[in-house]
Amino acid sequence: MNSTLLDHLNPEQLAAVTLGDESALILAGAGSGKTRVLTTRIAWLLSQGRVGPGGVMAVTFTNKAAKEMLTRLAAMLPYNVRGMWIGTFHGLCHRFLRSHWKAAGLPQGFQILDVSDSVAAVKRVIKAMNLDEERYVPKAVAHFIAHAKERAERPGDIDPRDAQERVLVEIYAAYEAQCQREGVVDFAELMLRTYELMRDDAALRSHYQQRFRHVLVDEFQDTNTLQYAWLKLFAAPRSSQAVMAVGDDDQSIYAFRGAVVANMHAFERDYGVRQLIKLEENYRSCGHILDAANHLIGHNERRLGKTLRTAAGQGEMLRVFEAPSDFEEARWVLEEAHAQHRAGTPRAQLAVLYRSNAQSRVIESALFNAGVPYRVYGGLRFFERAEIKHALAYLRLLENPNDDTSFLRVVNFPARAIGARSVEALQDAARASGRSLWQSVSAVTGRAGAALAGFVKLVEDLRAATEGQTLKQIVECVVEGSGLAAHYRSDKDGSERLENLDELITAAESFVTQEGFGRDAVALPVDELGPGPGLTPDLETGEIMSPLAAFLTHASLEAGEHQAQAGQDAVQLMTIHAAKGLEFDVVFLTGLEEGLFPNDRALEDHDGLEEERRLMYVAITRARKQLMLSLAQTRMLHGQTRYHLRSRFLDELPEASLKWLSPKQGGFGSGFQQPYASAWQRGGGSARAAQQPAWSHAAPPPPPPPPRKTEHDSGLRVGQAVFHNKFGEGAVLAIEGQGADARAHIQFGRHGSKWLALAVAKLTPI
DNA sequence: GGCTCTTTCGTTTTT
DNA sequence: CGAAAGAGCC
């Protein structure tokens, strides 16, 4: 087995896979076979008898990564891999808390709040505290709470800096109390509860530390403070446990969400890592693309250091196109995409990437008008759709009627004459008695009370009717019995929602068979070490979840596909963030403009520029064969035409790997001085560029934006590119005043925008 | 209770 | 500009 297992690994991969029982940090470059190393290592450890399947824990960030690991392992191993501790941080915490719910102080049937549930819960708290929602914006407060939890801070641990923060902490405390009362936990709470229980319960901690001999962490650069602290409890540093952390500091693009790249350095130190193994052999991209990636990321200072290399040839150079407008940028993408498709690249191997979702619009319309199939990632996911959340709320009430979030969501949906005042009366009663809404229904009298009692009866009837039924039958019964189906059937445009509800029933049906939840999905029996001191023998067999509870968990922890319009061969449109971990033959990287990318707002953060550069690095390394870079001199943004300079990142790429399809110019403004057609005719010698392709139904390009003349005669125009001795290249955003008072608003690259007095400032038109 | 008008706001978002 | 959320009206 070993001979085949270890075949075709390069020396570094082999070193990582066959490392002994010691902790290691693997610096895994993009496309370096990271997942293969992780899975092969697990298989190797097991096949060598170094550890049993119960002694391995492997943690990922995404369900997708966890699933892939399980799938690959299932093909390599004779074990039931589902019983192994392989999953996302949150998934494993959930599993842990289902086993130790009592010790964790949770009700057995606790439910998980997703982000929108959590914001809604915070909102209720703010209302109950009679606070101003303008001043304490629910979303921002929820964010504050989540961040505190990710630093392992409870309300009592926070020392408020000012009056505002003191109130935030009060809201946090009230929110905690409310969640506890309702038996719900948010995402951060899953992690924090697990962390606290492991921290405070020595017997439990020692049990798990004895159990897990090998712990593997994927995408380690994305771990936050709490996750790292959590890891240290499950795998004690400098102990007989071995942790393999795999990550790439250059691909850390979630610092804005709390990821701490410094955890990689901390890990080396804390775990006494003896050597850093670097996986630098890239199996994805051709030479020019890697040269560009290496060159660009070399501009970052805080790095562990790594240079990607390939055995493949240099391949195609990167093509750069500077379009006069976002509209024409889109048209160029369309034409190039079509050319690539005709040359044999499947559309699904063509990806159009952008920094922000708003940028997809122009590109979508170009593709749409030309009849090119495309698929946009992002937006609502399946389990986040309103109708699905409604159905899930009914299902959750069956499991846990004290879940006030679910109660409020559907108490009057479909409408059953329970208005805001009835709900308020109920909430008052619940607050007064410290009980859930469900428990307080009898406290409301009169017509409102009767209507509420009717709702309670409906849910109880549903529970009785679904008793002993299969998951599919339960979901079906709830969708019908709740009145949701009828509601959407009578709605003139409810057909799509009905389809989604049907889809939910289908998902429920296949869930039981595919996910295999039920008796055989229980964690492996207590490992060969036996139970820890003072622990019951069935410590880790956990509670057997009902299929419904398992399904609800699945819905909360895995929001489902972004968009399911699968099947058709379509061009892929997504943000760079969404593209992380993916690869395509041809990548279009659009909107390479100062302000957009690097994004102005991101630059305000600490390390903002370096994170933007890492994002650029991630984007570049998505491409296998060809990378297309583009920017627009003018762009419609927030209802206004904006003028941008080309991104500094373009200047950080090696000239030798770039092929400019439009003349490389001093600044974006100079495009206006060129005859319009020239950019097209210089399209890299491409015969196709100048003519309207027969297949394209796109409207002919509009004339270039007429430079707006201002009243004075400074010679400057809006949109003009200028040079300033101190600030460098800039673009004129606006001009005001006359004569000696004339001022110009100039957008400079790294210096931001400035108002300059024209009488004083030395500006040279470019 | 549900529709329409108005206001507001605009970076990325694994769980 | 365009989406989304809230206020106000029927």
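Below, chain A is the first sequence line, B the second, and so on; all start at residue 1. Keep in mind that what you see is a predicted model, and the values were worked out from it rather than measured.
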Measuring only the C1' atom in each nucleotide, how far is dT11(B) from dG6(C)? A whole number of Å is fine. 24 Å
Assess the side chains of Thr223(A) and Asn263(A): does a donor N or O sit below 3.5 Å from an acceptor N or O? yes
Just jot down the ring-ring contact (aromatic ring centres under 6.0 Å, His included) partners of Phe597(A), sequence neighbours excluded, or say none. Phe649(A)
Scan the side chains in residues 132-142 of chain A for donor-acceptor partners under 3.5 Å anywhere in the protein, sequence neighbours excluded, and list what turns up.
unit_1: Asp132(A); atom_1: OD1; unit_2: Glu134(A); atom_2: N; d: 2.9
unit_1: Arg135(A); atom_1: NE; unit_2: Gln164(A); atom_2: OE1; d: 2.7
unit_1: Arg135(A); atom_1: NH2; unit_2: Gln164(A); atom_2: OE1; d: 3.1

Does NZ or CZ of Arg396(A) fall inside the cone over Phe407(A)'s six-membered ring, less than 6.0 Å from its centre and within 45° of the axis? no
Are any of the side-chain heavy atoms of Leu650(A) and Leu631(A) separated by less than 4.5 Å? yes
Mind checking what makes salt bridge (Lys or Arg N to Asp or Glu O under 4.0 Å) contact with Asp186(A), not counting sequence neighbours? Lys149(A)
For nucleotides dA5(C) and dT12(B), find the distance between their P atoms and express it as a whole number of Å. 15 Å
5' priority, DNA chain B, between Phe256(A) and His487(A) [closest heavy atom]: His487(A)
Would you mind telling me which of Phe234(A), Tyr195(A), Trp230(A) makes a ring pair (Phe, Tyr, Trp, His ring centres under 6.0 Å) with Phe89(A)? Trp230(A)
How would you give the extent of chain A contacts on DNA chain B, as first and last nucleotide 5' to 3' within a 4.0 Å heavy-atom cut-off? dG1(B) to dT15(B)
Would you kindly say whether Ser118(A) and Tyr175(A) are connected by a side-chain donor-acceptor distance under 3.5 Å? yes
Which residues in residues 611-620 of chain A have a heavy atom closer than 4.0 Å to any atom of DNA chain B? none
Between protein and nucleic acid, restricted to nucleotides 1-3 of chain C and to nitrogen or oxygen atoms under 3.5 Å apart, what atom pairs and distances do you find?
unit_1: dG2(C); atom_1: O3'; unit_2: Arg361(A); atom_2: NH2; d: 3.4

In whole Å, what separates the C1' atom of dT14(B) from that of dA3(C)? 25 Å
Does the side chain of Ser356(A) reach to within under 4.5 Å of the side chain of Thr575(A), using non-hydrogen atoms? no
Which residues pass the ring-ring contact (aromatic ring centres under 6.0 Å, His included) test with Tyr617(A), sequence neighbours left out? none
Checking Arg409(A) now: which residues fulfil salt bridge (Lys or Arg N to Asp or Glu O under 4.0 Å) with it, not counting sequence neighbours? none
Do side-chain atoms of Asn400(A) reach the backbone of Glu182(A) as a donor and acceptor pair under 3.5 angstrom? yes
Grab the N/O contacts between the protein and nucleotides 4-7 of chain C below 3.5 Å, and write none if there aren't any.
unit_1: dG6(C); atom_1: OP1; unit_2: Lys123(A); atom_2: NZ; d: 3.1

If you count every heavy atom of other residues, nucleotides or ligands that lies below 6.0 Å from His143(A) atom NE2, does the total exceed 12? no
So what does Ala417(A) touch, heavy atoms closer than 4.0 Å: a base, only the sugar-phosphate, or nothing? sugar-phosphate
In residues 418-427 of chain A, what residues come within less than 4.0 Å of DNA chain B, judged by heavy atoms? Ile418(A), Gly419(A)
Look at all strands and tell whether Phe89(A) reaches a base, only sugar-phosphate, or nothing, counting heavy atoms closer than 4.0 Å. nothing
Just to verify, what does Phe256(A) make a ring-ring contact (aromatic ring centres under 6.0 Å, His included) with, not counting sequence neighbours? Tyr254(A), His577(A)
Over all strands shown, is Asp114(A) touching base, sugar-phosphate only, or nothing at heavy-atom distances under 4.0 angstrom? nothing
What about the rings of His100(A) and Phe96(A), do their centers lie closer together than 6.0 Å? yes
Could you work out, with salt bridge (Lys or Arg N to Asp or Glu O under 4.0 Å) as the rule, every residue matching Glu150(A), not counting sequence neighbours? none
